[in-house]
Amino acid sequence: MGWKAGHRPTQPDSVALPSHHAHCLGCGQDNPHGHHLEVRRDGDLAVVAIHIFDERHVGAPGIAHGGAVATVFDDLYGFLLYSVGELAVTRNLEVEYLRPVRLNHEYRLRAVVETHVGRKIRMSASLETTQGGVTATSRALFVAVDVDHFKTHGE
């Protein structure tokens, strides 16, 4: 399906949101190196996902690479833009690693929109074990852009 400006999915919370595009590193099902995130709405301004980092995402033995974790947070935030109804790009992304993110363990991710003022969209997220232990947190600032941004800077 893919992203369209002003598009606000009407799926209920239990239905997966459409991927950004088939080859997206975070959610694209056709990207053999990707995370294949399946993200669902959690109310109006939040999203959730369950994810397992695997050997493609290794940093230290048995532990996910910090960049892989950051990628998942960044892509998760992209799904919040469906609720906001705007195209936007990452301006700033912070990740606080509280514990090692282990490979082949299930994690629950949740992201929320904190504020949306003008073009600035501030968001936060957490990555938790399925037992509820917070493993990493994140904050991000996205800036709304028009479709010409992608025509000018993309392919």
**Request:** Determine the minimum heavy-atom distance between A46 and V112, stating which atoms define it.
**Result:** CB-CG1, 3.6 Å
**Request:** Using a cut-off of 6.0 Å, state whether more than 12 heavy atoms not belonging to R91 lie near its atom CZ.
**Result:** no
**Request:** Write down the atom of H36, the atom of N31, and the distance for their closest heavy-atom approach.
**Result:** NE2-O, 2.7 Å
**Request:** Could you tell me whether the side chain of R110 reaches within less than 4.5 Å of the side chain of D42, counting heavy atoms only?
**Result:** yes
**Asked** Roughly how far apart are E96 CD and R139 CZ, rounded to 0.5 Å?
**Response** 11.0 Å
**Fill in**
For L109 and H51, the nearest pair of non-hydrogen atoms, with its separation, is CD1-CB, 3.7 Å
**Fill in**
dist I52:CD1 -> Y107:OH (nearest 0.5 Å) comes out at 10.5 Å
**Item:** Side-chain heavy-atom pair T137, E94 within 4.5 angstrom cut-off
**Value:** no
**Request:** Report the distance from atom CG of L80 to atom CG of L17, rounding to the nearest 0.5 Å.
**Result:** 9.5 Å
**Asked** Is any side-chain heavy atom of C24 less than 4.5 Å from a side-chain heavy atom of D75?
**Response** yes
**Asked** Taking all atoms of both residues into account, what is the closest heavy-atom pair of S138 and L93, and its distance?
**Response** OG-CD1, 3.5 Å
**Prompt:** Which heavy atom in V84 sits nearest to a heavy atom in H116, and how many Å separate them?
**Reply:** CG1-CE1, 3.3 Å
**Message:** How long is the straight-line distance from OG1 of T71 back to NE2 of H33, given to the nearest 0.5 Å?
**Reply:** 13.5 Å
**Item:** Same cluster (ILVMFWY, side-chain, under 4.5 Å), V101 and V95
**Value:** yes
**Request:** Sequence neighbours left out, what passes side-chain contact (heavy atoms from CB on, under 4.5 Å) with V58? Give chain and number order.
**Result:** L103
**Request:** Could you tell me whether the side chain of S83 and the main chain of L45 form a donor-acceptor pair under 3.5 Å?
**Result:** no
**Rounded distance (nearest 0.5 Å) linking atom CD of Q29 with atom CG of L37** = 9.0 Å
Expected list for residues 120-134: side-chain donor-acceptor pairs under 3.5 angstrom, two or more places apart:
{"unit_1": "S124", "atom_1": "OG", "unit_2": "E114", "atom_2": "OE2", "d": "2.9"}
{"unit_1": "T129", "atom_1": "OG1", "unit_2": "Q131", "atom_2": "N", "d": "3.3"}
{"unit_1": "T129", "atom_1": "OG1", "unit_2": "G132", "atom_2": "N", "d": "3.3"}
{"unit_1": "T129", "atom_1": "OG1", "unit_2": "G133", "atom_2": "N", "d": "3.0"}

**Message:** Show the nearest heavy-atom pair for residues S19 and Y82, with the distance to one decimal.
**Reply:** O-OH, 3.4 Å
**Message:** To the nearest 0.5 Å, what is the distance between NE2 on H20 and CG on L81?
**Reply:** 6.5 Å
**Prompt:** For R102, does the CZ atom sit with more than 12 other heavy atoms under 6.0 Å from it, leaving out its own atoms?
**Reply:** no
**Message:** In this structure, would F73 and L25 fall into the same cluster of hydrophobic residues linked by side-chain contacts under 4.5 Å?
**Reply:** no
**Prompt:** Parallel under 30°, tilted from 30 to 60°, perpendicular over 60°: which one fits the rings of H57 and F53?
**Reply:** perpendicular
